[in-house]
Amino acid sequence: MNRSGNALVITILILVLLTAVGIYAVSISTTEMNIALNHRVGTITRNTAESGVYFGIAQLPTIYPAGSDYTAALTVGTGMTAAYTVQSNNTGASAPEPGFGANYRFAIFSVASSGQAPSGFTGGVRVDADVSYGPVPAGTNY
């Protein structure tokens with residue numbers, strides 16, 4: 001019996017199998033890194049949009065109607081900036097609220113913020129908030 005080539009064939013098969021396992025492990029780790037990066041960018045974009053809503057609420061009763069939007073850029077990392085754009089409007093007549101006298105009303109505002117993804121990435125998030133502002137004296141045209 002001549003078995004001089006069996007060890008070489010088995011060794012090559014084992015090396016091919018180990019190479020395939022190594023390539024699979026690298027591809028899985030690359031995919032997980034991309035998933036983590038996309039999650040981070042999405043979180044930054046959502047937080048940027050929320051920052052815009054909080055800014056818009058803090059500015060009430062000043063409003064930023066369509067065409068007069070307020071835009072700001074935020075530094076979100078080394079060499080990265082993200083931006084938000086705020087629109088706010090008075091959406092309804094002043095309304096009385098329980099527990100307040102007839103001389104006080106609450107104005108209803110809507111505040112919307114669109115957050116843009118950090119530089120180098122694409123995407124955006126929109127956050128809407130309805131705000132009851134007051135109490136303000138009745139007859140105040142907010």
Side-chain angles (χ1 to χ4, degrees), residues 3-142:
R3 298 185 181 184
S4 61
N6 286 342
L8 180 62
V9 171
I10 292 172
T11 303
I12 290 175
L13 286 176
I14 291 173
L15 286 175
V16 168
L17 181 65
L18 289 175
T19 302
V21 168
I23 290 172
Y24 175 73
V26 168
S27 70
I28 290 295
S29 63
T30 303
T31 302
E32 288 181 4
M33 290 296 291
N34 287 335
I35 291 170
L37 178 62
N38 289 337
H39 182 268
R40 180 172 181 238
V41 169
T43 301
I44 289 169
T45 306
R46 185 181 61 248
N47 290 344
T48 301
E50 287 181 7
S51 296
V53 164
Y54 288 126
F55 172 82
I57 291 170
Q59 297 300 308
L60 292 176
T62 301
I63 61 171
Y64 299 97
S68 298
D69 307 343
Y70 178 85
T71 301
L74 301 173
T75 301
V76 294
T78 305
M80 291 193 319
T81 58
Y84 62 79
T85 301
V86 177
Q87 290 182 352
S88 56
N89 294 299
N90 190 339
T91 59
S94 299
E97 293 280 337
F100 293 91
N103 293 331
Y104 292 96
R105 299 280 190 257
F106 284 78
I108 309 300
F109 291 91
S110 69
V111 179
S113 174
S114 298
Q116 289 82 37
S119 50
F121 299 95
T122 58
V125 173
R126 180 180 166 104
V127 176
D128 295 311
D130 291 324
V131 180
S132 179
Y133 178 81
V136 295
T140 305
N141 292 322
Y142 284 122

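When a residue number appears, it is its place in the shown sequence, counting from 1.
Qualifying ring-ring contact (aromatic ring centres under 6.0 Å, His included) partners for Y70, counting only residues two or more places apart in sequence or in other chains: F55, Y64. With sequence neighbours left out, the side-chain contact (heavy atoms from CB on, under 4.5 Å) criterion links I57 to V53, V111, A129, V131. R126 meets the salt bridge (charged side-chain N to carboxylate O under 4.0 Å, His left out) test with D128; sequence neighbours excluded. For D69, the side-chain hydrogen bond (donor to acceptor under 3.5 Å, both in side chains) partners are Q87, not counting sequence neighbours. For the side-chain hydrogen bond (donor to acceptor under 3.5 Å, both in side chains) test, no residue two or more places apart in sequence or in another chain qualifies with S119. Scored by the side-chain contact (heavy atoms from CB on, under 4.5 Å) test, S110 finds N89, T91, D130 as partners (sequence neighbours excluded). The side-chain hydrogen bond (donor to acceptor under 3.5 Å, both in side chains) test applied to S114 returns no partner, not counting sequence neighbours.
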Counting only pairs under 3.5 Å, give me each side-chain donor-acceptor contact of residues 8-27, with atom names and distances, residues two or more places apart or in other chains.
residue	atom	partner	partner atom	Å
T11	OG1	A7	O	2.7
T19	OG1	L15	O	2.8
S27	OG	Y24	O	2.9

Show every donor-acceptor pair shorter than 3.5 Å between a side-chain atom in residues 71-82 and any protein atom, with sequence neighbours excluded, or say none if there are none.
residue	atom	partner	partner atom	Å
T71	OG1	T85	OG1	3.3

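Between I28 and E32, some side-chain heavy-atom pair lies under the 4.5 Å cut-off. With a 4.5 Å cut-off on side-chain heavy atoms, Y133 and N90 do not count as touching. Put simply, the side chain of F109 does not reach to within 4.5 Å of the side chain of S88, judged on heavy atoms.
Nearest heavy-atom pair, S113 versus A49, reported as atom, atom and distance to 0.1 Å: OG-O, 2.9 Å. Nearest heavy-atom pair, G52 versus Y84, reported as atom, atom and distance to 0.1 Å: CA-CD1, 3.3 Å.
The CD1 atom of I44 sits 11.0 Å away from the NE2 atom of H39 when rounded to the nearest 0.5 Å.
Residue pairs meeting the side-chain hydrogen bond (donor to acceptor under 3.5 Å, both in side chains) criterion with at least one member in residues 43-63, sequence neighbours excluded, do not occur.
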